Every structure is written in C-alpha cells, then in structure tokens.
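Note sheet for the following structure.
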Amino acid sequence: MIETLKLLKGNHLVSIMKDIISIHDFDRDQIEGVLKSAQIMERFIQGTDILEGKILATLFFEPSTRTHLSFESAMKRLGGKVIGFSESSSTSVAKGETLQDTVRITEQYSDIIVIRHPRDGAARLAAEVTSIPVINAGDGTNQHPTQTLLDLYTIQKELGNIDGLTIGMMGDLKYGRTVHSLSCALSWFDVSLQVLSPPGLELPSYITEDLMEKSIDIVEVEDMEDLSVDVLYVTRIQKERFPDLEEYEKVRGSYRITIKTLDHLGEAIILHPLPRVDEIDPEVDTTPNALYFKQAWNGVPVRMALLASALGWDQ
Ligand code: NCD
C-alpha cells in the first residue's frame, strides 16, 4: 500500500478533482496525471488494499456492460466493495422517487457514486446534492469523461503519443456522448481531426466552434476512402436517442468497416467505445488494426486511478 501511494503521489494523481462530471473540467496536466496513474495501476491489477473499507455505489439508469463492470472490477481490485443497481425499475424510482432523493439516500450507504442517466446534466445534479464524490458514467448525449480518459490512455499506450496524430471520428457524432467528450479532450493536444457521419448526425456546432476556437484543424470527409488517419474512432448510431425512429431507419447501416475497407486505412488503429451493432464486421476483429477489445480492458486501470483519486485517500 505504501508503495502504491508513493508512486501515485509522485504522478500528481492526488490533484484531480473530487467529482468527475465533464471532461471540460480537466486541463491537459490533469488528463496526463490520470494517464500516468493508470499506467501505475496496471502494476496493481492483481489487487491492492488502498480502498479497503470503502464502498462504491453504482447507479445505472441506462444499460451498460463495460462501464458498469469495469468500475466494479476496478473498485474490487483496489480492495473496496460495490453496491448498486443496473435496473432502476427495481428501485424506488419506479414509485416516483426523484434523482436527488435517490442520491441523498445512496450517500448514507456508500463513499462514492458512479452514475449513468439518460438525462443530460443528471450527474452534475447528483453531485450538487451530495457531499461524497460523484463520477459521471454517461449522461444522455452530453458527456462520458471516463470513457474519454480510457480512449486517450489507449491511444497513448499504442502509439506512444497523442500530439502529432490525425484522428478520425466516424458514426453518430450528433448523439454520441463519447465523441463529444473525446473531441473536447483532444483540443488540449496538437492533433488534426477528420470527421465522417451520416447526414444529419454531424458533430453539434457548439463542439466544432469550440474546436476551431482552439485552432484544431477539423476536416469533414465525405467517404471512408477519403480518410487518412492514425486513429479511427468509430461509434454506433445511437438509436435510443432518436426522437423519431423513421429517421433512424434512414441512416441505419449506412457505414461499415470490413476487411475490404481496411485497405484504405493502412496501419490506422480502430477504436470503438462499444457496443457495436453492425458498423465493424467481426472479421476485422483479428486484424492488427482492431484495438477495441484492448481499449475496453484499459477501462480497468483508468477507472482504478479515478476511483483512488476521487476518494482522496492521500489525506
Ligand atoms: C458508450 C456509451 O454508453 O455512451 N458505451 C460505453 O460506455 N462504452 C457508447 C454507446 O453506447 O454507443
């Protein structure tokens, strides 16, 4: 434990904020602090006791596999325990309890909350009514900061550096919260962006304007063949966010990476927050380009670093 603490303090992990709500709250130093700490956490992946006696509550009001399980795995590897739900219909929410009350009650039973909710801003609201740390595991179409940190960790681990890269983002850039968080974090780095989306699913203008203000070179690409990138970040179409399912049907299946399209991508690494639907053919999985399963694994050390930091065990 002493060794873990010393290593993490040496990498300014302890300076990171209590609540992790939006990637907008991070500057480059803080992002790099998390990435370094995650690297250290890999040495303790088999287990440590720095969060012994602490309890994580996972409040998942929306479906989740990777985020939920990797947070749980991370907490247990740090020596802590986990309580929570992944189906709000089995909780008092079904009786009409407000989010604020659910959070206030959860505070009585735990030391830290990880929350996923369909409403934009729900994690911020949760943090406002509790004194224990709150981590946003995705709020509506808004933000998914911990996914972004593991995305950056994967890029850095695989390519050595984030600066100097050309990063492509392909898919539902309008409703996908992972790309919203990722593009904001990338604006701290010296990168160029190429974006490709079905019509009507482009990046929201508030994000592109922000990127341009930060002098990030951003190019809209019409066809997959026109992409020339080091990293291609693919997302699924966020069916559940469409107000009108007919609109979803119009864009469904409109892009797909296959072994054939890999010819255009050269050595680019392919990332995807997952789940995928039909946008990456499973035959691509065994190629050296496919990094998305490794990326999912990287969620564990990154979330170990975030839990340890948010719980402020340095005091
Ligand atoms: C993403 C999410 O929930 O936003 N999934 C995840 O956390 N890995 C992406 C998605 O659902 O498409």
Side-chain angles (χ1 to χ4, degrees), residues 13-27 30-31 34 50-64 66-72 74-76 78 80-150 175 177-178 180-181 184-185 206 240-241 299 302-315:
L13 175 77
V14 290
S15 67
I16 296 162
M17 68 285 300
K18 172 180 141 275
D19 300 315
I20 299 166
I21 305 297
S22 168
I23 205 75
H24 288 278
D25 301 334
F26 284 76
D27 61 22
Q30 288 166 318
I31 292 174
V34 175
I50 62 169
L51 293 189
E52 199 181 332
K54 300 286 186 193
I55 295 181
L56 161 68
T58 55
L59 311 185
F60 277 71
F61 293 85
E62 268 195 341
S64 174
R66 276 146 295 272
T67 308
H68 198 162
L69 294 182
S70 62
F71 262 116
E72 205 166 323
M75 188 63 178
K76 290 181 175 168
L78 290 167
K81 292 198 163 56
V82 184
I83 58 172
F85 59 80
S86 50
E87 193 55 76
S88 64
S89 59
S90 67
T91 72
S92 287
V93 171
K95 299 180 186 171
E97 186 164 69
T98 62
L99 174 63
Q100 289 94 320
D101 278 359
T102 303
V103 169
R104 285 189 192 105
I105 293 306
T106 307
E107 176 178 11
Q108 319 298 316
Y109 311 136
S110 59
D111 303 289
I112 181 164
I113 291 174
V114 170
I115 182 170
R116 168 171 287 189
H117 200 281
R119 238 175 30 228
D120 291 27
R124 182 81 68 197
L125 182 65
E128 275 165 13
V129 296
T130 178
S131 58
I132 65 172
V134 172
I135 300 182
N136 184 4
D139 62 323
T141 63
N142 186 32
Q143 281 279 311
H144 196 345
T146 69
Q147 176 70 44
T148 292
L149 292 162
L150 78 89
Y175 294 119
R177 55 194 172 200
T178 61
H180 297 168
S181 291
C184 168
Y206 77 90
E240 69 277 26
R241 312 274 180 225
V302 169
R303 289 175 170 134
M304 285 171 79
L306 293 172
L307 287 168
S309 149
L311 276 165
W313 37 262
D314 57 313
Q315 289 141 18

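Please read these numbers as outputs of a predicted model, since none were measured by experiment.
Closest approach of P145 and I21 over heavy atoms only: CG-O, 3.6 Å. G299 and S70 make their closest contact through C-CB, 4.3 Å (heavy atoms, listed as atom of the first residue, atom of the second, distance). For the pair K18 and P133, the tightest heavy-atom approach, listed with the atom from each and the gap, is O-CB, 3.5 Å. Minimum heavy-atom separation, V129 to E107: O-OE1, 4.1 Å. The shortest heavy-atom contact between R119 and L99 is NH2-CD2, 4.2 Å. Minimum interatomic distance between I31 and A185 (heavy atoms only, all atoms of both residues): CD1-CB, 4.1 Å.
Contact check for V34 versus L306: side-chain heavy atoms found under the 4.5 Å cut-off. At least one side-chain heavy atom of F85 sits under 4.5 Å from a side-chain heavy atom of L59. Annotation: side chain of H68 is not in contact with side chain of V114 (no heavy-atom distance under 4.5 Å). Put simply, the side chain of K54 reaches to within 4.5 Å of the side chain of M75, judged on heavy atoms. At a threshold of 4.5 Å between non-hydrogen side-chain atoms, the residues D139 and I115 do not count as touching. Here the side chains of N142 and R177 are not in contact, with every heavy-atom distance at 4.5 Å or above.
Not a single salt bridge (charged side-chain N to carboxylate O under 4.0 Å, His left out) links R116 to another residue, sequence neighbours left out. Q108 pairs by the side chain to side chain donor-acceptor pair (under 3.5 Å) definition with nothing, not counting sequence neighbours. Residues satisfying the side chain to side chain donor-acceptor pair (under 3.5 Å) test with Q143, not counting sequence neighbours, are S22, S181. A search for side chain to side chain donor-acceptor pair (under 3.5 Å) contacts involving S88 returns nothing, not counting sequence neighbours. Listed by chain and number, the residues in a side chain to side chain donor-acceptor pair (under 3.5 Å) with S110 amount to none (sequence neighbours excluded).
A donor-acceptor pair under 3.5 Å is absent between the side-chain atoms of T67 and the main chain of S64, judged by distance alone. Using modelled atom types, no side-chain atom of S92 and backbone atom of K95 make a donor-acceptor pair closer than 3.5 Å. With N136 contributing its side chain and I20 its backbone, the two residues share no donor-acceptor pair below 3.5 Å.
A distance of 8.0 Å separates OG in S309 from CD1 in I135, rounded to the nearest 0.5 Å. Rounding to the nearest 0.5 Å places CG of L311 at 8.5 Å from CD1 of I132. Rounding to the nearest 0.5 angstrom, the gap separating the CG atom in L125 from the OG1 atom in T130 is 11.5 Å. Rounding to the nearest 0.5 angstrom, the gap separating the CZ atom in R303 from the OG1 atom in T146 is 3.5 Å. Separating the CG atom in D111 from the CG atom in L307 is a distance of 11.0 Å, to the nearest 0.5 Å. To the nearest 0.5 Å, atom CD1 of residue I112 and atom CG of residue L51 are 8.0 Å apart.
Applying the ring-ring contact (aromatic ring centres under 6.0 Å, His included) test to every pair with at least one member in residues 109-148, sequence neighbours left out, gives these pairs: F61-H117.
Side chains of Q147 and T178: no donor on one and acceptor on the other come within 3.5 Å. With 3.5 Å as the limit, one finds no donor-acceptor pair spanning the side chains of H180 and T141.
For E62 and R241, the salt-bridge test passes: some basic side-chain N is under 4.0 Å from an acidic carboxylate O. Salt bridge status for K76 with E72: present, with a side-chain N to carboxylate O gap under 4.0 Å.
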Exercise for review: Could you please spell out the steps behind the side-chain contact (heavy atoms from CB on, under 4.5 Å) verdict for T148 and F26?
Suggested key: CA-CA 11 Å; T148 292; F26 284 76; over 6 Å; no

